Amino acid sequence: MHTNPGTKKIVTRFAPSPTGFMHVGGVRTALYAWLTARKHDGTFILRIEDTDKEREVEGSIEHIIASLSWLGITWDEGPDIGGPHASYIQSERLHLYRMYAEKLIEKGFAYADPYSEAELENFRLKADMEKRPFLYRDYRPDNPPLWDGTTPLRFKVPELKRYEWHDEVWGDLSAGPEALDDFILIKSDGYPTYNFAHIVDDIEMGITHVLRGQEFISSTPKFLSIYEALGIQHPVYATLPPIMAPDGKKKLGKRDGAKDILEYRAEGYTPDAMINFLALLGWNPGDDREIFSRDDLINNFSLEKVQRSGAQLSDDKLNWLNKEHLKLMSENVRNEEIYSRLIQNPTLAGNNKLDDKPFISKLYPIIFDRISTWGDIDKLVSGGELSYFFDAPQYDVTMLSWKGESPKEEIKKHLTWVCEALQSGQSDVFQSPESVKSLLFDYATENGRGQVLWPTRVALSGRDKSPDPFTLIYILGKDESVERLHTAIGLLA
Ligand code: GLU
C-alpha cells in the first residue's frame, strides 16, 4: 500500500447516494473499504451523498443502515452516530462546500457561469456541427460576474495537461487534457455536484483511501485537477472490478438479479456467508481458500489482491458458501434456528408435532441435510419435500405399487406384516433406524425388498423420494407409523 500503515492512520469511507436499495455492488464497495480500515486499525466512515435531490428515494438512508448493520459492517463515524466531522449527510454540509468554493474563487480557479441554458445549448450545437467535443472551457468568459449563488459556479481547470496517477488495483494510469473541463462545482440550486462535494468531504474527513467502482476512473483527472487547485494531496485510489451478471457477459443490472441485499436476509442467508461471498467477488487471498470467517477476511484482505477483471455473480456459489457457514455453527445454535423457523411457519401453525420435542430432535439432522439457507426450511415443510412429517400424506393408491407391478393383495399382505411387526415391537426397537431395520429387514429380503419397503415408504411419506423407511419409522414413532400403514391398507381395500 502506498500509505504506510505504520505512520498514517488509514481512513476509508463508504459514500452511498440515497437513491434506492443497496445491491451487491454497493455493499461490496462498503465491505472492501471496511476491511481495509479494520485490517489497519483505521477508521471507517459512512457518509450519505444526497446532493442530487431529484434522484433521492425516501427511506434509502434507513435502508443503507439496515443493510450494513445486518452484515456487521460497522462504522466509526456516520449519520446516525455522529463523529468529529458531523454532519455525515452532505445536504447538511452546504456551508463547507461554499467555503471551499470561495477558496477556489479567491485563487482564481472558479467563476460564475454567465450563460443561460439556451446559450449553452447553442454552444453544444455548434460543437456538434463542427464535429468537435463540447467543452465549457472553450467558452470561459473574460469578465465573469460576481458569484451570488444564483448561477452555477464553475471550476476553472488550472492547467491543461496530462495527469498520471496510481491506482492500487489498476497500477499506473494517465489521461490527457481532453479529460479536463470547467465542470460545475455548485449548482444554481445551491447544492454542490458530486465531483466537488466528495472531494471536500474526503479532505475534511481525512480520507486516506478511496475505493469505488470503475465508472469513476474517467473522472479522476477532474478530481486531481481540483486537488491541485486546492494545493492538497489526493488520497490513494483503488478501483474495484465490475460485478457481472451470472451469464458473465454483462455488468450486473437490476434485471439480472441485482436484488436488494436485505432480500438475502429474508431468504435466510447468514451475514457471515454473505460477506464471505461478497469478499470473493473480486478478491482472493492468492491461494484456493474460499471459506473465511470475518476475522480471516480482516487479516487476509489486501487491495493488492483485488482483481481487475469482472467478478461473476453465482447463486450456486453463494448457496454452497452459506451451507459451509451453517456447518461451522454449533449444533445447538443450528437446531434453535431450525426450531424458530418451524414455529414461525404459517402452514405449521397449531400443529401439535411442534410440541413433540423428541420428534423434533430426530428431525433436525434430516432438515439440516437438505438446506443451504434457513429459508429452505419453509420450502421443505410447507407442502414441500418434508411436509409429510407434520401432516399425514395424501397420495394416489397406485403409488403404493412397486414399479407399478405389485398386485394390491400382495402389497396389502406386506404392509399388514410390517404393521403387525411394528405393533409388537418393544420401545427399544424405535430408538434408532438400525434397530427398526433389524426388525423388518429379513422379511423384506425374503419377500423382495422393493415389494415390501417401497409401499412402506410411500405409506409413511406419500413420496417417491424420502429418507429410507427405517428412518421414517424411527422419526415418526410407533403410533404414527402404524396409523399411516393402516390408512394405506384401507386405501387398498
Ligand atoms: N455517491 C457515490 C455513489 O453512490 C459514491 C462514489 C464514491 O465513492 O466516491 O456512486
Side-chain angles (χ1 to χ4, degrees), residues 10-37 42-65 67-68 73 75 77-79 85 87-94 96-97 100 165 167-170 173 183-185 187 191-227 232 234-243 251-254 258 260-261 278 282 303 306:
I10 284 191
V11 185
T12 64
R13 50 45 165 201
F14 177 52
S17 302
T19 52
F21 65 72
M22 294 238 284
H23 61 72
V24 287
V27 182
R28 185 199 54 180
T29 304
L31 175 65
Y32 284 17
W34 177 77
L35 289 171
T36 304
T43 301
F44 176 63
I45 297 178
L46 174 62
R47 177 173 83 215
I48 303 297
E49 303 206 318
D50 63 338
T51 58
D52 190 346
K53 287 294 166 193
E54 276 165 25
R55 290 180 54 221
E56 201 162 320
V57 174
E58 218 192 289
S60 304
I61 299 181
E62 292 73 16
H63 195 277
I64 289 164
I65 288 180
S67 303
L68 296 177
I73 299 176
W75 48 100
E77 301 172 26
H85 308 101
S87 161
Y88 293 87
I89 300 182
Q90 285 188 327
S91 59
E92 295 171 4
R93 299 169 61 79
L94 299 184
L96 276 167
Y97 312 123
Y100 274 74
W165 72 98
D167 186 292
E168 288 297 295
V169 178
W170 287 81
L173 299 173
F183 59 84
I184 294 180
L185 300 170
K187 297 174 278 183
Y191 283 93
T193 55
Y194 163 74
N195 287 344
F196 185 46
H198 88 275
I199 290 181
V200 171
D201 288 341
D202 286 347
I203 293 170
E204 284 289 308
M205 295 175 182
I207 305 299
T208 60
H209 291 66
V210 167
L211 282 73
R212 59 189 158 200
Q214 258 183 332
E215 61 273 32
F216 296 99
I217 282 202
S218 61
S219 302
T220 304
K222 288 186 186 148
F223 307 154
L224 297 178
S225 63
I226 293 228
Y227 279 104
I232 291 172
H234 68 80
V236 174
Y237 290 121
T239 298
L240 311 185
I243 296 180
K251 243 185 103 170
L252 183 72
K254 291 197 177 157
D260 178 347
I261 199 81
L278 291 169
L303 290 174
V306 171

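When a ligand or atom number is given, it counts from 1 through the structure's own listing order. The analysis underlying the following values was restricted to heavy atoms, covering all of them including side chains, and did not include hydrogens, waters or symmetry mates. If you're wondering where the values come from, they're calculated on a predicted model, not measured in any experiment.
Not a single N or O atom of L211, backbone or side chain, sits closer than 3.5 Å to an N or O atom of ligand 1.
Closest approach of L278 and Y32 over heavy atoms only: O-OH, 3.7 Å. P235 approaches Y227 most closely through the heavy-atom pair CD-OH, 3.3 Å.
Relative ring orientation between Y88 and H85 is described as perpendicular, the plane-to-plane angle rising above 60° on a 0-90° scale split at 30° and 60°.
Put simply, the side chain of M22 does not reach to within 4.5 Å of the side chain of D260, judged on heavy atoms. The closest side-chain heavy-atom distance from F14 to L68 is below 4.5 Å.
Near S17, with a cut-off below 4.0 Å to any heavy atom, the atoms of ligand 1 are 1 (N), 2 (C), 3 (C), 4 (O). Ligand-side atoms of ligand 1 in range of R13: 7 (C), 8 (O), 9 (O), range being under 4.0 angstrom from any heavy atom. Those atoms of ligand 1 that come under 4.0 Å of a heavy atom in E49, given as number and element, are 1 (N), 2 (C), 5 (C).
The heavy atom nearest to atom 9 (O) of ligand 1, considering only F216, Y194, F223, is found in Y194.
Contacts of F14 with ligand 1, taken as heavy-atom pairs under 4.0 Å, are absent altogether.
Salt bridge annotation for D50-R93: absent, with no cationic side-chain nitrogen under 4.0 angstrom from a carboxylate oxygen.
For atom 5 (C) of ligand 1, the closest non-hydrogen atom on the protein side is A15 O, 3.1 Å.
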